[in-house]
Peer 1: 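Okay, handing you the structure first.
Numbering of residues begins at 1 and proceeds along the displayed sequence. Excluded from the calculations below are hydrogen atoms, water molecules and symmetry mates; all remaining heavy atoms, backbone and side chain alike, are included.
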Amino acid sequence: MAALLTKHELEVELQDFHHLLSDFDYSSIKNITFLNLDAFLAYMENVDGNPFKAQYNALQEKLDILQPYLPFVSATRANQFIEALSNAHTDDEAKLVKKDFTKILRDDFIKFSRTVTTADEWSRTIKVCEEIRLRKEEMLLALQ
């Protein structure tokens, strides 16, 4: 298992993520409008030399670090995960469910983060991620 981030490290990583997400530079392609995140991601995958690749890769690197601390954005999504996992009959099926929901969780967190408009809302988001980090820390301490 990867080392657990400290509270401060988690806050720094979340702030970096938020800045990367909110500071995407669209100025170099004034004639393109993305209707949604899916359209943006399709552009990223299919257009060589697009100006957002470095920013996108940096965002994915941050999500790699933040993944263990990301919350489900809704009870419905959490229930979908639990139901899918409970229907998995083998370890391979469970791994596939986890892989699928990892992408969903990351996409949901990006979409949610894009709706956060105030410092207070972002502060609450950080607190939720910190609660997840704390539970992981408590579990590690209990295992020792």
Side-chain angles (χ1 to χ4, degrees), residues 1-140:
M1 180 177 178
L4 197 63
L5 295 179
T6 65
K7 179 180 179 177
H8 177 71
E9 290 169 335
L10 177 60
E11 287 178 15
V12 168
E13 294 294 339
L14 282 164
Q15 292 297 358
D16 288 349
F17 167 82
H18 190 63
H19 290 299
L20 281 169
L21 187 62
S22 61
D23 293 337
F24 265 34
D25 181 12
Y26 293 96
S27 64
S28 64
I29 54 168
K30 295 177 173 74
N31 62 342
I32 295 177
T33 301
F34 299 108
L35 300 177
N36 56 33
L37 183 61
D38 294 332
F40 175 73
L41 294 175
Y43 175 81
M44 293 287 295
E45 290 177 23
N46 298 307
V47 177
D48 291 333
N50 69 73
F52 308 117
K53 196 66 163 181
Q55 288 175 316
Y56 179 78
N57 289 340
L59 189 63
Q60 292 305 314
E61 287 174 12
K62 285 296 173 193
L63 285 171
D64 289 344
I65 295 167
L66 294 171
Q67 177 71 40
Y69 313 100
L70 299 181
F72 285 105
V73 296
S74 69
T76 300
R77 185 67 84 204
N79 286 336
Q80 289 170 343
F81 173 70
I82 291 169
E83 183 177 328
L85 200 54
S86 68
N87 290 326
H89 300 292
T90 66
D91 287 343
D92 288 339
E93 289 176 354
K95 286 178 185 177
L96 185 60
V97 167
K98 289 176 184 178
K99 181 182 176 191
D100 291 344
F101 272 87
T102 293
K103 180 175 178 3
I104 291 168
L105 180 69
R106 290 167 75 125
D107 290 348
D108 284 351
F109 191 72
I110 289 171
K111 289 174 187 175
F112 167 77
S113 296
R114 291 178 60 83
T115 67
V116 174
T117 57
T118 67
D120 188 48
E121 289 172 330
W122 188 245
S123 178
R124 285 194 303 264
T125 303
I126 290 173
K127 285 180 184 176
V128 169
C129 294
E130 170 57 16
E131 282 294 317
I132 294 169
R133 190 202 69 77
L134 261 175
R135 297 299 165 251
K136 289 180 178 292
E137 184 176 73
E138 289 170 357
M139 287 176 22
L140 283 175

Peer 1: Taking C-beta and beyond as the side chain, do N87 and V97 meet within less than 4.5 Å on heavy atoms?
Peer 2: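 SC-SC contact between N87 and V97 ruled out.
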
Peer 1: Of all the heavy-atom pairs spanning P71 and L105, show the shortest one and how long it is.
Peer 2: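 For P71 and L105, the tightest heavy-atom pair comes out as O-CD1, 3.1 Å.
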
Peer 1: Between the main-chain N or O of A119 and the side-chain N or O of S123, is there a donor-acceptor pair closer than 3.5 Å?
Peer 2: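 Such a contact is absent between S123 side chain and A119 backbone.
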
Peer 1: Supply the atom-to-atom distance E13 CD to Q15 CD, rounded to the nearest 0.5 angstrom.
Peer 2: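 E13 CD to Q15 CD: 11.0 Å, rounded to 0.5 Å.
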
Peer 1: A side-chain contact here means heavy atoms from C-beta on lying under 4.5 Å apart; do F109 and T125 qualify?
Peer 2: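 When only atoms from C-beta onward are counted, T125 and F109 do touch, with a gap below 4.5 Å.
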
Peer 1: Atom CD1 of I126 and atom NE2 of H18: how far apart are they, to the nearest 0.5 Å?
Peer 2: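 Answer for the CD1-NE2 pair, I126 versus H18, is 8.5 Å.
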
Peer 1: Apply the side-chain contact (heavy atoms from CB on, under 4.5 Å) test between H8 and each candidate in V12, L5, L10; give the one that qualifies.
Peer 2: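 The single option meeting the side-chain contact (heavy atoms from CB on, under 4.5 Å) with H8 is V12.
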
Peer 1: List for me each residue that meets ring pair (Phe, Tyr, Trp, His ring centres under 6.0 Å) alongside F112, sequence neighbours excluded, and say none if there are none.
Peer 2: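 Testing F112 for ring pair (Phe, Tyr, Trp, His ring centres under 6.0 Å), a comparison that skips the adjacent residues, returns none.
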
Peer 1: Using 0.5 Å steps for rounding, measure from the CD atom of E138 to the CG atom of L134.
Peer 2: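 Going from the CD atom of E138 to the CG atom of L134 covers 6.0 Å.
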
Peer 1: Any donor and acceptor pair, going by atom type alone, linking the side chain of E83 with main-chain N or O of N79 inside 3.5 Å?
Peer 2: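 Checking the backbone N and O of N79 against the side chain of E83, no donor-acceptor pair under 3.5 Å is found.
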
Peer 1: So which heavy atom on A3 is nearest to which on Y69, and how close?
Peer 2: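 That closest heavy-atom pairing would be O-OH, 4.2 Å.
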
Peer 1: Check P68 against I65 and note the closest heavy-atom contact, atom names and distance.
Peer 2: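 Looking at all heavy atoms of both residues, the shortest contact is CD-O, 3.4 Å.
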
Peer 1: Contact between L14 and W122 at the side-chain level, heavy atoms closer than 4.5 Å - yes or no?
Peer 2: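 Yes, their side chains come closer than 4.5 Å.
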
Peer 1: Looking only at heavy atoms, what is the nearest atom pair of D38 and N36, with distance?
Peer 2: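 Heavy atoms of D38 and N36 come nearest at N-OD1, 3.1 Å.
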
Peer 1: Once you round to the nearest 0.5 Å, how far does CD1 of I132 lie from CZ of F72?
Peer 2: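 It comes to 9.0 Å.
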
Peer 1: With side chain to side chain donor-acceptor pair (under 3.5 Å) as the rule and sequence neighbours excluded, what pairs involving residues 91-108 come up?
Peer 2: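 Passing the test, one end in residues 91-108: Q60-R106, D64-R106, R77-D108, K103-D107.
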
Peer 1: Nearest 0.5 Å, please: how far is OG1 in T6 from CZ in R133?
Peer 2: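 Reported to 0.5 Å precision, the distance equals 6.5 Å.
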
Peer 1: With the threshold set at 4.0 Å, does a side-chain nitrogen-carboxylate oxygen contact exist between K127 and E130?
Peer 2: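 No, no charged N to carboxylate O under 4.0 Å.
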
Peer 1: First locate atom CD of E9, then atom CG of L66, and finally report the distance between them rounded to the nearest 0.5 Å.
Peer 2: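 Rounded to the nearest 0.5 Å, the CD-CG separation comes to 11.5 Å.
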
Peer 1: Just wondering, do I82 and F101 contact through their side chains at under 4.5 Å, heavy atoms?
Peer 2: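 No, too far: nothing below the 4.5 Å cut-off.
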
Peer 1: Which atom names give the shortest non-hydrogen contact between E121 and T115, and what distance separates them?
Peer 2: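 Scanning both residues, the minimum pair turns out to be OE1-O, 4.2 Å.
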
